[in-house]
Amino acid sequence: MQLKVIGSSSKGNAYVLDGQQESLVIEAGIKLKEVKRAIGFDNLPKVVGCIISHSHNDHAGYATEYAAAGIKVLALQATLEAKSITRNCMAIEEGKGYKIGGFIVYPFGVMHDVPCIGYVVCHEECGKLVFFTDTYACQHSFTGVNHYLIEANYSDERLAENIAAGRLPPMLRDRLLTSHMEIGNTIAFLRRNPLNAVRNIILVHLSDGNSDEVQFIDRTVAATGKRVYAASAGMVIDINRSPL
Ligand SMILES: [Zn+2]
Ligand SMILES: [Zn+2]
């Protein structure tokens, strides 16, 4: 199975877990055309569904387009209502499990400025993947995880520099503190969790002006000893359960 990054920023987020027989889309913040381009235009029938974290347009802006094209959309009731998605969708709840083709997904609550969830995604090809974004912290613990796809939005140091230089308004810091993941929190989260089965850590939703991709990767590698990526559009990563 491959992870294909269609987009990973405040401009639009979408990822595909692209398996041999079936694929799962995560987030609907990028036009469907780009998803088709990534998986091959004839392969749309392989897509068994799309799971969405929350209603902001960079994550759900194209959800109605996906549903209209026959992709079943799974999201919180609040997200479906906010985006007026009424067909080809399913309201899901934290703490329950849902089977989508050969994928089983378990939503869990995270902390953003609108209702937002992360997902544990299990499939025989990739094992166990944990995804969360747009949250200022993650207090959950996970075991046996093979791949992390998790937010590292900003560096507080970089943000403070930008505010001091007048490039950004001071109030932005208050908003980010209660809505997005600071790289130090991402690393603290990883250190709290057992990483013995982890093969890949993919950092997502990096801010354009308040992050430093190289430094984020270096810090995460130093803290975990794992293979670490910063997601960017077009990236393809092998997420098989074990090396082929
Ligand atoms: Zn976002
Ligand atoms: Zn958001």
Side-chain angles (χ1 to χ4, degrees), residues 3-17 24-32 34-35 38 50-66 73-85 89 91-92 94 105 107-119 121 129-140 148-156 158-159 162 168-169 171-186 189 201-213 216 229-235:
L3 168 72
K4 295 184 171 172
V5 179
I6 318 295
S8 182
S9 75
S10 56
K11 294 191 193 74
N13 296 270
Y15 311 87
V16 184
L17 305 183
L24 180 70
V25 180
I26 302 178
E27 308 287 43
I30 304 264
K31 282 183 182 156
L32 185 60
E34 299 304 321
V35 175
C50 173
I51 55 174
I52 293 177
S53 61
H54 68 296
S55 61
H56 287 158
N57 276 339
D58 57 322
H59 301 262
Y62 294 95
T64 39
E65 186 196 5
Y66 288 19
V73 170
L74 283 79
L76 291 171
Q77 182 69 36
T79 305
L80 297 175
E81 282 174 13
K83 307 317 284 180
S84 305
I85 306 166
C89 59
I92 57 172
E94 293 168 31
V105 302
F108 57 89
V110 296
M111 292 167 278
H112 195 36
D113 47 11
V114 296
C116 186
I117 46 177
Y119 293 89
V121 180
L129 176 144
V130 168
F131 166 72
F132 63 75
T133 187
D134 293 47
T135 179
Y136 60 90
C138 182
Q139 290 165 336
H140 301 276
Y148 273 112
L149 187 63
I150 57 174
E151 180 175 38
N153 182 257
Y154 70 101
S155 141
D156 202 36
R158 180 66 75 97
L159 177 64
N162 283 330
L168 291 171
M171 60 186 270
L172 184 68
R173 183 159 187 265
D174 297 334
R175 187 196 163 232
L176 288 175
L177 274 173
T178 55
S179 60
H180 283 281
M181 199 83 156
E182 205 269 337
I183 179 66
N185 286 341
T186 310
F189 161 81
I201 297 169
I202 301 120
L203 306 175
V204 304
H205 210 304
L206 274 68
S207 153
D208 277 349
N210 298 318
S211 71
D212 179 331
E213 187 178 309
F216 281 20
Y229 303 85
S232 63
M235 190 175 264

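First listed ligand is number 1; within each ligand, the first listed atom is number 1.
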* To do: Any chance you could lay out the side-chain hydrogen bond (donor to acceptor under 3.5 Å, both in side chains) test for S53 and E27, step after step, and finish with the verdict?
  => CA-CA 7 Å; S53 61; E27 308 287 43; 2.7 Å; yes
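The Zn ion (ligand 2) has an N, O or S atom of H112 closer than 2.8 Å.
Under a 4.0 Å N-O distance rule, the pair D212/R158 qualifies as a salt bridge.
Taking the ring centroids of H112 and H59, they lie at or beyond the 6.0 Å cut-off.
Partners of Y119 according to the ring-ring contact (aromatic ring centres under 6.0 Å, His included) rule, which considers only residues two or more places apart in sequence or in another chain, do not exist here. Scanning for salt bridge (Lys or Arg N to Asp or Glu O under 4.0 Å) contacts around K31 gives an empty result, with sequence neighbours left out. Residues meeting the salt bridge (Lys or Arg N to Asp or Glu O under 4.0 Å) test with E34, sequence neighbours left out: R37.
Here 4 is the count of protein N, O or S atoms positioned under 2.8 Å from the Zn ion (ligand 1), waters not counted.
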